[in-house]
Amino acid sequence: ERDVPWGPESVRRPSGAAHISPGACAEGRNRQMGTPEFYRTSLSAVEEVLSAVRRGTVKEIGRSAGRRPIWAVAYGEFEPIERAANLSAALAARHPEAFFGAKPRTKQVMLITSAIHGGEMESIAAVLSLINLMEVGVDLRGQSWPDLVAAADRLRLVIVPCLNPDGRARIPSDDPTSWSHEEVEKYRHGLHADGSFITWPACKVPHPRDPGKDGFLGSYFNDAGVNPLHGVFLSPEIAPETHAAMALALAETPDLLLDLHSCGVGPFFIVGDPALPESFDRRQHYLDGFLRRSLRDRLGIHRNWTTLGSEGALTFPSACYHISGALPIIFEGPHGAQEGFRYAHAQIVDMYLTMSEAMMIVGAVEGFKPRVT
């Protein structure tokens with residue numbers, strides 16, 4: 001029973017509104033003038049939407065370093081796996097069924113983690129619309145995505161709307177599309193004690209950061225100064241978000257782990273993780289091509305380039321492969337605040353939903369992971 005994350009005794013519902021309706025968005029105190037009602041990114045919005053879930057199952061999977069709840073919602077029946085070994089031993093023995101089970105599951109499993117960097121809140125707006133789609137058939141603008149819903153119904157879908165609530169709570173804004181360059185740098189990567197910008201990737205060192213030594217601790221970090229993307233080898237006491245998400249990945253054993261981010265020049269996938277087998281690398285490139293075609297055909301967005309990962313580090317997504325066998329992939333949506341890449345709120349959400357639809361179709365039709373013969 002340890003591996004079943006959705007038992008009745010473990011499920012509870014956050015307090016909040018009693019129902020979801022398209023555009024029903026009484027927002028928290030940080031709601032900005034000019035932000036449309038469907039573009040919901042606050043922690044209070046997450047709890048309000050999850051409190052109205054009826055088709056899915058909501059569970060608190062852990063608490064952040066700052067003791068904030070980390071929520072997940074699942075759609076589709078959980079299929080338990082009887083295991084005789086962990087993944088490493090099963091693969092080394094050439095008996096993968098010792099980990100994945102002798103009987104194949106009836107549905108592919110897709111795990112979505114959003115806002116591992118709390119200030120990258122565009123993904124929160126997108127997954128709350130995705131949850132609304134799964135609940136009532138329309139996104140928070142009232143628009144239908146029938147192909148997405150049909151594909152999702154053929155999967156088990158598990159969504160973590162905000163993996164880093166500490167970072168999200170630190171940002172006194174619900175809408176980065178109007179931010180200046182200075183605000184982007186401050187809220188995302190942080191400020192030194194003298195007020196100068198830390199910038200990316202310099203914000204990754206030291207790690208963990210000492211929150212008391214920064215002028216402003218950026219939203220990459222939890223309240224203990226940990227960037228959960230790089231929390232794999234840190235203790236659960238200071239990196240509880242990473243460990244909670246990895247425990248969820250082990251329990252769910254997803255076929256696809258989709259980790260949602262945002263940056264100035266999105267949308268794109270980051271592919272080519274050196275911590276993955278070559279067959280998984282090729283599969284990432286395949287999904288990248290499928291995404292670029294979907295963005296072109298649905299939204300008229302042309303991306304004729306591929307973004308390769310270069311860190312060579314065992315980040316949270318790649319670690320999920322090594323503990324669960326998932327195909328991991330990172331999606332970078334746009335934050336809408338960069339000159340030359342300024343998008344309306346609806347366009348931003350549409351990019352995430354278009355990408356989600358494309359991945360769900362792949363999973364429902366042919367499966368997510370590579371098949372090597």
Side-chain angles (χ1 to χ4, degrees), residues 36 38-39 41 108 110-117 120-134 138-141 143-152 154-155 157 159 176-177 255-273 280-309 317 327-368:
F38 67 80
Y39 200 78
T41 68
Q108 294 273 299
M110 180 176 180
L111 172 59
I112 300 176
T113 53
S114 174
I116 195 170
H117 297 147
E120 296 178 8
M121 59 193 76
E122 297 73 24
S123 60
I124 300 175
V127 297
L128 293 187
S129 260
L130 177 57
I131 292 168
N132 209 73
L133 271 165
M134 298 302 297
V138 293
D139 63 22
L140 287 171
R141 282 184 295 159
Q143 296 194 1
S144 62
W145 295 69
D147 292 342
L148 185 157
V149 172
R154 297 173 61 185
L155 307 171
L157 178 62
I159 305 167
T177 61
D255 299 283
L256 180 72
L257 168 71
L258 180 60
D259 190 34
L260 302 183
H261 295 249
S262 65
C263 66
V265 296
F268 57 87
F269 277 143
I270 299 177
V271 300
D273 190 329
F280 278 62
D281 177 44
R282 291 196 299 267
R283 192 64 174 172
Q284 285 186 334
H285 280 79
Y286 172 82
L287 295 181
D288 181 53
F290 202 88
L291 167 68
R292 285 187 281 121
R293 187 177 69 181
S294 299
L295 291 171
R296 180 199 65 196
D297 292 349
R298 179 182 280 273
L299 304 178
I301 297 173
H302 295 270
R303 288 285 183 266
N304 60 353
W305 39 264
T306 294
T307 302
L308 297 177
L327 171 64
I329 197 161
I330 292 175
F331 179 70
E332 293 274 0
H335 59 52
Q338 182 159 318
E339 292 302 328
F341 294 89
R342 289 194 178 272
Y343 296 104
H345 302 87
Q347 291 176 304
I348 293 172
V349 172
D350 280 352
M351 290 180 209
Y352 281 93
L353 292 180
T354 296
M355 178 275 301
S356 299
E357 178 184 82
M359 295 304 100
M360 290 174 184
I361 290 172
V362 170
V365 172
E366 61 188 62
F368 292 112

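- Looking only at side-chain heavy atoms (C-beta outward), Ser123 and His261 stay at 4.5 Å or farther from each other.
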> Going through the checks in order, is the side chain to side chain contact (heavy atoms under 4.5 Å, CB included) test met by Ile112 and Leu260?
Replying inline: CA-CA 7 Å; Ile112 300 176; Leu260 302 183; 3.6 Å; yes
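- Looking only at side-chain heavy atoms (C-beta outward), Met110 and Asp255 stay at 4.5 Å or farther from each other.
- Side-chain contact between Trp145 and Leu353 is present, with at least one heavy-atom pair separated by less than 4.5 Å.
- Tyr343 is listed as a side-chain neighbour of Pro334, based on a closest heavy-atom distance under 4.5 Å.
- Between Phe331 and Phe268, the distance from one ring center to the other does not fall under 6.0 angstrom.
- Side-chain atoms of Thr177 and His345 form a donor-acceptor pair, as typed in the model, at a separation below 3.5 Å.
- Side-chain contact between Phe280 and Asp273: absent, with no pair of heavy atoms (C-beta onward) separated by less than 4.5 Å.
- Side chains of Ile329 and Leu287 form a contact here, defined as non-hydrogen atoms less than 4.5 Å apart.
- When each of Met359, Glu357, Met351 is tested with Met355 by the rule side-chain contact (heavy atoms from CB on, under 4.5 Å), just one qualifies, namely Met359.
- Ion pairing of Glu366 with Arg283 is present here, as a side-chain N (NZ or NE/NH1/NH2) and a carboxylate O approach within less than 4.0 Å.
- In this structure, Asn304 and Arg292 have side chains that are not in contact, with every pair of non-hydrogen atoms separated by 4.5 Å or more.
- At most 12 heavy atoms of other shown residues, nucleotides or ligands fall within 6.0 angstrom of atom CZ in Arg293.
- Taking the side chain as every heavy atom from C-beta outward, Leu111 and Leu256 never approach each other to under 4.5 Å.
- Heavy atoms only, all atoms of each residue included: Ala125 and Thr41 are closest at CB-CG2, 3.8 Å.
- Panel note: side chain Glu332, backbone Pro267; no donor-acceptor pair is recorded below 3.5 Å.
- When every heavy atom of Leu155 is checked against every heavy atom of Gly363, the shortest pair comes out as CD2-C, 3.9 Å.
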> Given Asp259 and Ile116, is the side chain to side chain contact (heavy atoms under 4.5 Å, CB included) satisfied, shown in steps?
Replying inline: CA-CA 8 Å; Asp259 190 34; Ile116 195 170; 4.1 Å; yes
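- Between Ala126 and Tyr352, the shortest heavy-atom distance links the atoms CB-CB, 3.3 Å.
- Counting only distance, with no hydrogens or angles, the side chain of Gln284 and the backbone of Asp281 share no donor-acceptor pair below 3.5 Å.
- Taking NE2 of His117 as the start and SG of Cys263 as the end, the distance is 12.0 Å to the nearest 0.5 Å.
- Rounding to the nearest 0.5 angstrom, the gap separating the CG atom in Leu133 from the CG atom in Leu157 is 10.5 Å.
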>> Run Leu140 and Val349 through side chain to side chain contact (heavy atoms under 4.5 Å, CB included) and show every step you take.
In response: CA-CA 10 Å; Leu140 287 171; Val349 172; over 6 Å; no
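- When all heavy atoms of Thr354 and Ser294 are compared, the pair lying nearest together is CG2-O, 3.8 Å.
- For Gln108 (side chain) and Phe368 (main-chain N/O), a donor-acceptor pair under 3.5 Å exists by modelled atom type.
- In terms of modelled atom types and a separation under 3.5 Å, the side chain of Arg296 and the main chain of His302 share no donor-acceptor contact.
- Under the 4.0 Å criterion applied to side-chain N and carboxylate O atoms, Arg141 and Asp350 are assigned as salt-bridge partners.
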>> The test is side chain to side chain contact (heavy atoms under 4.5 Å, CB included); show your working for Ile270 and Leu308 and say whether it passes.
In response: CA-CA 6 Å; Ile270 299 177; Leu308 297 177; over 6 Å; no
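- Ser114 and Ile124 get closest at one heavy-atom pair: OG-N, 3.5 Å.
- Under the 3.5 Å distance criterion, the side-chain polar atoms of Arg154 are matched with a main-chain donor or acceptor of Ala364.
- Under a 3.5 Å cut-off, the side chain of Arg303 and the backbone N or O of Leu295 do not form any donor-acceptor pair.
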